[in-house]
Amino acid sequence: FLDTGLVADGQGFIVFELLEGQTLRSLIGAGLPIDSIWVVHLIAQVARGLDAVHAKGIVHRDIHPANIFLARVRPGLARVVIIDFGIAKLVDSIVGLSSERVDLGTLTYRAPEQEHDNRAVSRRTDVYALGVTTFELFSGLLPWGRGAPTDVLERKRLDPTPDLRRICPALSEQQAEVIRWAMAGDDMKRCESASVFADAFAAASKVTTATPAYLDVLLTLAGSPPDP
């Protein structure tokens with residue numbers, strides 16, 4: 001955020017940056033073709049943001065496409081902004097920014113440890129959600145489908161992580177394996193950080209994150225208004 005303060009009657013306020021663009025959810029909903037190169041750059045930007053907040057001891061706890069915003073910078077360039085820290089948690093704090101006694105996070109993207117004890121979250125919790133988001137980017141599907149919350153939770157508990165290559169055969173086994181690593185049910189067997197996941201996926205995709213990203217091209221295709 002840009003600023004905080006109090007108004008005349010004592011109520012607090014927070015000033016946020018005004019963003020122009022759209023969420024990743026809107027791109028997925030538009031059904032646009034998304035290739036590995038674009039996903040590598042997207043994940044790299046999200047990972048940088050997550051690493052920054054994790055370094056401050058904060059876990060987002062609700063990473064999913066609607067909370068990943070593609071902000072237009074100028075024609076030909078868009079940057080990724082992670083939004084909605086409403087249920088973020090200080091890792092070493094007993095009290096986060098929301099109650100520990102309610103379900104937190106969007107169901108399909110919640111890591112298994114969130115189902116048992118919201119106080120058990122760590123940066124690997126956000127890595128899991130980023131892995132699920134990556135799965136959805138390529139397939140257009142959620143790993144355990146949709147339905148009643150109890151049904152989704154039961155499928156997550158009983159079913160192994162789906163093989164993304166059965167849906168997207170163009171992906172390499174190395175790419176699919178990195179995504180499975182990010183979605184490991186046991187957090188101690190999961191990528192230890194968002195940047196580790198991003199770097200591993202870039203390597204599996206044979207892409208360097210130094211290559212210019214083309215996020216703004218997708219924004220235009222998805223119906224964002226043209227620049228004046």
Side-chain angles (χ1 to χ4, degrees), residues 1-29 41-75 77-111 113-133 149 187 192-195 197-198 213 215-216 218-219 222-228:
F1 52 83
L2 302 178
D3 195 13
T4 62
L6 298 175
V7 295
D9 63 0
Q11 295 188 51
F13 68 85
I14 302 176
V15 179
F16 289 95
E17 179 183 6
L18 176 63
L19 301 174
E20 295 184 2
Q22 60 193 132
T23 66
L24 186 58
R25 167 60 60 214
S26 64
L27 284 184
I28 295 175
H41 295 303
L42 173 81
I43 293 173
Q45 291 192 41
V46 175
R48 283 197 293 270
L50 286 176
D51 280 356
V53 297
H54 292 165
K56 296 182 180 296
I58 298 171
V59 179
H60 187 285
R61 294 202 294 186
D62 199 22
I63 294 295
H64 59 84
N67 284 340
I68 297 173
F69 195 89
L70 307 180
R72 184 185 294 271
V73 177
R74 59 177 183 271
L77 181 65
R79 64 190 174 91
V80 173
V81 180
I82 301 170
I83 61 176
D84 195 357
F85 280 78
I87 64 169
K89 182 184 189 303
L90 294 174
V91 176
D92 294 324
S93 174
I94 295 176
V95 181
L97 299 183
S98 52
S99 171
E100 302 296 345
R101 292 174 293 179
V102 299
D103 289 338
L104 300 177
T106 304
L107 178 64
T108 300
Y109 306 87
R110 283 207 308 250
E113 59 268 22
Q114 287 178 280
E115 311 298 348
H116 305 298
D117 185 354
N118 276 303
R119 292 168 295 184
V121 300
S122 71
R123 61 187 182 182
R124 296 175 196 240
T125 303
D126 288 340
V127 172
Y128 181 94
L130 184 56
V132 176
T133 296
D187 61 337
E192 55 266 37
S193 71
S195 59
F197 170 50
L215 300 181
D216 203 56
L218 284 175
L219 287 172
S224 288
D227 289 286

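All values below come from the heavy atoms of this structure, side chains included, with hydrogens, waters and symmetry mates left out.
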J.: Rounded to the nearest 0.5 Å, what separates atom CG in D3 from atom CZ in F16?
T.: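 D3 atom CG to F16 atom CZ measures 11.5 Å (nearest 0.5 Å).
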J.: How about H60 and I58: do any of their side-chain heavy atoms sit closer than 4.5 Å?
T.: no
J.: With rounding to the nearest 0.5 Å, note down the distance linking CD in Q22 to CG in L24.
T.: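 Output value for this atom pair is 9.5 Å.
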J.: Provide the closest heavy-atom pair for I28 versus P65 in the form atom of the first, atom of the second, distance.
T.: CD1-CG, 3.8 Å
J.: Where is the tightest heavy-atom contact between V7 and F13, given as atom of each residue plus distance?
T.: CG1-CD2, 3.8 Å
J.: Apply side chain to side chain donor-acceptor pair (under 3.5 Å) to T108 and list each qualifying residue two or more places apart in sequence or on a separate chain.
T.: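 T108: no side chain to side chain donor-acceptor pair (under 3.5 Å) contacts found.
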J.: Among residues at least two apart in sequence or on other chains, which ones pass side-chain contact (heavy atoms from CB on, under 4.5 Å) with A52?
T.: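 side-chain contact (heavy atoms from CB on, under 4.5 Å) check on A52 returns nothing, list empty.
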J.: For S195, give me all partners under side-chain contact (heavy atoms from CB on, under 4.5 Å), at least two apart in sequence or on another chain.
T.: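 Scan of S195 (side-chain contact (heavy atoms from CB on, under 4.5 Å), adjacent residues dropped) gives D51, S193.
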J.: Determine whether a donor-acceptor pair (N or O, by modelled atom type, separation under 3.5 Å) exists between the side chain of Q114 and the backbone of R61.
T.: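 Yes; judged by distance alone, with no hydrogens or angles, the pair exists.
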J.: Rounded to the nearest 0.5 Å, what separation is found between the CD1 atom of I43 and the CG atom of L130?
T.: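 These two atoms lie 5.5 Å from each other.
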J.: Look up atom CD1 in I83 and atom CD in E17, then write down how far apart they are to the nearest 0.5 Å.
T.: 11.5 Å
J.: Under 3.5 Å, is there a donor-acceptor pair between the side chain of D62 and the main chain of N67?
T.: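 Side chain of D62 to backbone of N67: no pair is present.
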J.: Within the 4.5 Å heavy-atom criterion, are R123 and D126 side-chain neighbours or not?
T.: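 No, their side chains stay 4.5 Å or more apart.
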J.: What residues form a ring-ring contact (aromatic ring centres under 6.0 Å, His included) with Y128, not counting sequence neighbours?
T.: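 Listed in chain order: nothing, the list is empty.
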J.: Measuring from T23:OG1 to H64:NE2, what's the distance to the nearest 0.5 Å?
T.: 9.5 Å
J.: Are L42 and V80 side-chain neighbours, meaning at least one heavy-atom pair lies under 4.5 Å?
T.: yes
J.: How long is the gap from CD1 on I68 to CZ on R25, to the nearest 0.5 Å?
T.: 9.5 Å
J.: Give me the atom names and distance for the closest heavy-atom approach of A71 to L19.
T.: CB-CD2, 4.0 Å
J.: Using the test side chain to side chain donor-acceptor pair (under 3.5 Å), find all partners of T133 that sit at least two apart in sequence or belong to another chain.
T.: none
J.: Heavy atoms only: give me the nearest A198-A44 pair and the separation to one decimal.
T.: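 The pair with the smallest heavy-atom distance is CB-CA, 4.0 Å.
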